[in-house]
Amino acid sequence: MSYQPIREKLQRKEVVILDGAIGTEILRRNVTWADHQLANKPDFVRGIHEDYIRAGAEVISTNSFQLCRRALYNHFRDDAHRHHIGARDLDERAGKLLAASVHLAREARERVAPKHAVAVAAAITTLEWCFRPDLAPSPDEAQKEYREIFQIVKDAGADMVLLETVNSIPEARVGAEIAKYVGLPCWVAFVCDERGLLFTGEKLAAAVQALEPLGIEAILLNCAPPEDISTGMAELAPHAHVPIGAYAHIGRFDPPEWMFTDEYPPAKYRDFAARWKQMGARILGGCCGTTPDHIAAVGALR
Amino acid sequence: MYETIRSRLNSGQALLLDGALGTELVRRGVRWRKHGLLTDSDAVEALHRDYLIAGAVILRTDTFQLNPRIYLNVFRNRSHMAHIGAPGLAELTFTLLRKSVEVAKRARAKANNHAAIAGVLSPLEHCYRPDLVPPPEQARCEHEEIARVFAEEKVDFLLLESMNTISEAKEALAAGRSFGLPVWVSFVLGPEGELLSREPLNRGVVEMEQGGADAVLVNCAPPEDIGKAILRMRKFTKLPFGGFAHIGRFSPPSWKFEFFPQFIETESWSPERYAAEALRWRDAGATIIGGCCGTRPEHTAALRAVLGTDGRSKA
């Protein structure tokens with residue numbers, strides 16, 4: 001499998017179905033997400049990927065949100081402190097878990113053996129917290145860290161990278177450059193606010209201008225309520241030449257977990273997705289709070 | 001209740017502080033959210049009870065690293081939190097603080113015990129990140145908000161735990177004292193054996209004494225490090241002092257920024273080994289001794305066995 005069948009579908013302007021949430025789905029099934037559960041409960045994580053494939057997802061994203069060396073290192077003062085009191089595997093842990101996340105998604109694909117083509121997207125987000133552009137590392141640091149992460153997921157067999165919940169153009173640009181350098185097709189998904197702007201205040205039109213020359217395959221919007229995604233779509237669609245897409249979150253962020261609400265049952269969520277399709281979106285999926293049922297409903301838009 | 005503590009400390013007796021809450025709750029299978037206070041308050045109460053049975057004379061509230069920032073920090077700003085966050089997040093901390101005192105008091109009442117309850121304050125940002133400490137005026141104001149709740153809920157005193165800079169410790173100390181509560185200050189040590197901020201331990205101790213602390217401690221470092229610091233502390237202060245070490249190694253989760261109480265390899269410090277180490281702290285003059293991350297009620301019981309029921313060393 002490669003990204004090629006997905007690229008061709010998008011070139012024909014056909015709809016491609018992305019999967020739904022994995023982190024919150026783990027929570028919804030009454031398991032903590034504190035360690036991504038990649039090492040502790042691999043069968044369980046693989047099972048969720050399988051459910052999304054059965055629901056019709058053509059791109060499944062790895063259970064690797066915010067999984068990186070920096071996220072672990074941030075819990076310590078510095079290297080000396082981490083080595084003094086931290087778990088002994090911390091320097092290698094993120095890399096191992098990232099590779100495991102790709103392996104599990106690939107295994108799910110092999111097990112379900114769907115009739116439709118399924119690409120495995122390594123889900124990578126901002127290096128610091130996704131909602132905090134003020135914490136972003138310098139471009140030099142970001143370049144070094146993304147290069148390591150992208151190489152790991154490529155070596156593990158990911159078909160593409162889904163750089164998601166990105167909050168600024170500068171970090172997106174670094175990610176897109178590194179994807180090209182490493183040789184992985186890349187989708188970039190931005191989180192937007194209720195005015196349809198990035199969290200830095202930058203405009204989606206500017207994001208399109210900055211990213212399209214870097215060879216990205218698609219630009220998407222994610223991790224905002226459906227109404228905000230619609231607002232963002234109106235900002236994005238008129239400017240984009242590459243395929244575009246969207247996946248909203250539903251429910252409420254209740255740190256460190258997620259609050260599930262019945263505000264957007266699958267049929268209602270599908271109606272929002274239909275509106276995004278009307279506006280030009282061709283990649284449709286679900287973010288936090290969505291379930292395989294939501295993806296099955298969105299699948300009707302193909 | 002604090003008068004009993006004060007008179008015991010004045011007479012040179014040792015006081016047994018409880019052990020870890022967060023790491024033990026996680027080890028017992030509690031899913032770590034809202035400090036377990038909403039979904040697993042029975043488990044929190046049971047753990048307090050276990051520490052009382054083991055002989056602790058001071059119970060700490062289950063509030064380590066609990067403040068409004070831990071929720072606000074994972075959003076873009078306040079309006080983003082109101083927009084996509086669960087209802088009530090802005091006030092949640094205060095609900096949890098009150099609940100923590102209620103749970104500790106319930107455990108004490110059911111055990112028909114006279115342990116003192118210490119309201120725990122800690123760095124407003126991650127306890128291991130002195131670089132993130134907020135400016136002094138801001139820190140003062142935020143610690144005041146927390147200390148006010150503890151004062152209203154009538155804890156016996158305040159324990160500032162794992163403080164990583166002198167600056168924030170001073171502000172939190174002043175905030176606590178402004179409500180008329182006795183305050184103990186405990187510093188987290190860095191790998192060099194000084195404060196985690198690299199500020200000298202002696203300066204930290206002296207400044208807390210000058211600021212009106214009732215006791216000074218060191219915590220959240222391996223037992224050997226706590227021991228070395230305690231050997232030095234007697235020279236810096238006339239205040240009661242002590243320590244509580246963590247055991248094993250901190251194993252943070254792979255996605256979450258705020259402190260998550262998960263320590264592994266804790267079996268390398270059996271209760272007996274820990275107690276033997278702590279006995280040396282007692283011999284060096286420490287009178288407040290307990291356990292930090294990774295320790296369990298068994299460690300408290302072992303400490304009690306070596307320190308004696310009246311807190312005097314049997315050695």
Side-chain angles (χ1 to χ4, degrees), chain A residues 23 27 30-39 64-68 71-90 93-94 97-98 128-135 167 191 193-194 199 223-225 228 249 251-259 261 288, chain B residues 26 29-34 39 70-77 79-81 83-89 92 126-132 164 188-193 196-198 220-222 225 246-265 293-294:
Chain A
L27 293 167
N30 280 316
V31 172
T32 175
W33 194 50
D35 283 304
H36 284 83
Q37 299 300 351
L38 291 161
S64 51
F65 186 75
Q66 209 101 63
L67 178 52
C68 61
L72 294 169
Y73 286 16
N74 271 344
H75 288 277
F76 299 89
R77 184 191 71 184
D78 54 16
D79 292 349
H81 185 231
R82 184 178 70 256
H83 294 143
H84 190 59
I85 71 155
R88 294 171 211 277
D89 70 334
L90 285 178
R93 190 188 287 177
L97 291 177
L98 270 170
E128 287 284 348
W129 189 253
C130 58
F131 294 144
R132 295 283 304 273
D134 56 311
L135 300 178
N167 56 41
V191 52
D193 66 15
E194 57 271 52
F199 276 21
C223 216
D228 297 359
H249 70 222
R252 297 256 169 173
F253 182 28
D254 191 14
E257 301 202 346
W258 193 259
M259 182 181 173
T261 65
C288 306
Chain B
V26 167
V30 168
R31 187 157 140 188
W32 193 249
R33 42 185 168 167
K34 316 289 159 56
T39 47
I70 65 169
Y71 297 114
L72 189 55
N73 275 347
V74 289
F75 294 92
R76 177 191 191 182
N77 52 33
S79 70
H80 184 230
M81 183 162 91
H83 186 54
I84 73 153
L89 278 181
L92 178 64
H126 197 298
C127 61
Y128 292 150
R129 293 289 301 274
D131 58 312
L132 300 178
N164 57 35
V188 53
L189 299 170
E192 303 82 10
L196 190 60
S197 57
R198 296 189 177 80
C220 219
D225 298 10
H246 69 220
I247 59 174
R249 304 186 77 93
F250 180 38
S251 182
S254 43
W255 73 281
K256 213 163 144 287
F257 186 76
E258 67 268 39
F259 184 79
F260 183 100
Q262 184 167 263
F263 273 62
I264 59 169
E265 293 180 37
C293 296

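Letters A, B, ... mirror the listed sequences (proteins, then strands); counts begin at 1. These numbers come from the heavy atoms of this one structure, side chains and all, not from hydrogens, waters or symmetry mates.
- Listed by chain and residue number, Pro130(B), Thr165(B), Leu195(B), Glu199(B) satisfy the side-chain contact (heavy atoms from CB on, under 4.5 Å) test with Ser197(B) (two or more places apart in sequence, or in another chain).
- A heavy-atom distance below 4.5 Å is not found between the side chains of Asn164(B) and Arg77(A).
- Formation of a donor-acceptor pair under 3.5 Å by the Arg249(B) side chain with backbone atoms of Arg82(A) is not found in this model.
- In this structure, the portion of Asp78(A) lying under 4.5 Å from any heavy atom of chain B is its side chain and not its backbone.
- With chain A as partner, the option from Ile264(B), Leu196(B), Leu89(B) having the largest number of non-hydrogen pairs under 4.5 angstrom is Leu196(B).
- Here Pro222(B) is the residue among Gly190(B), Pro222(B), Gly248(B) with the most heavy-atom pairs under 4.5 Å with chain A.
- His126(B) is not listed as a side-chain neighbour of Asn74(A), based on a closest heavy-atom distance of 4.5 Å or more.
- Residue Asp35(A) comes nearest to Pro253(B) through the heavy atom pair OD1-CA, 3.2 Å, listed as atom of the first residue, atom of the second, then distance.
- Between chain A and the residues Asp131(B), Asp225(B), Ile84(B), Leu92(B), the largest count of heavy-atom pairs under 4.5 Å involves Ile84(B).
- In this structure, Phe131(A) and Phe75(B) have parallel ring planes: the angle between them is below the 30° cut-off, well short of the 60° mark.
- Residues Pro252(B) and Leu72(A) come closest through the heavy atom pair O-CD2, 3.7 Å.
- The CG atom of Leu189(B) sits 9.0 Å away from the NE2 atom of His81(A) when rounded to the nearest 0.5 Å.
- Partners of Leu72(B) by side-chain contact (heavy atoms from CB on, under 4.5 Å), not counting sequence neighbours, listed by chain and number: Arg78(B), Met81(B).
- Minimum interatomic distance between His83(B) and Asp228(A) (heavy atoms only, all atoms of both residues): NE2-OD2, 2.6 Å.
- The minimum heavy-atom distance linking Asn73(B) with Arg132(A) is given by the pair O-NH1, 2.9 Å.
- Pro256(A) and Trp32(B) make their closest contact through CG-O, 3.6 Å (heavy atoms, listed as atom of the first residue, atom of the second, distance).
- Look at Asp254(A) and Arg33(B) and you find no salt bridge, because none of the NZ, NE, NH1 or NH2 atoms lies under 4.0 Å from a carboxylate O.
- Contact check for Arg76(B) versus Val191(A): no side-chain heavy atoms found under the 4.5 Å cut-off.
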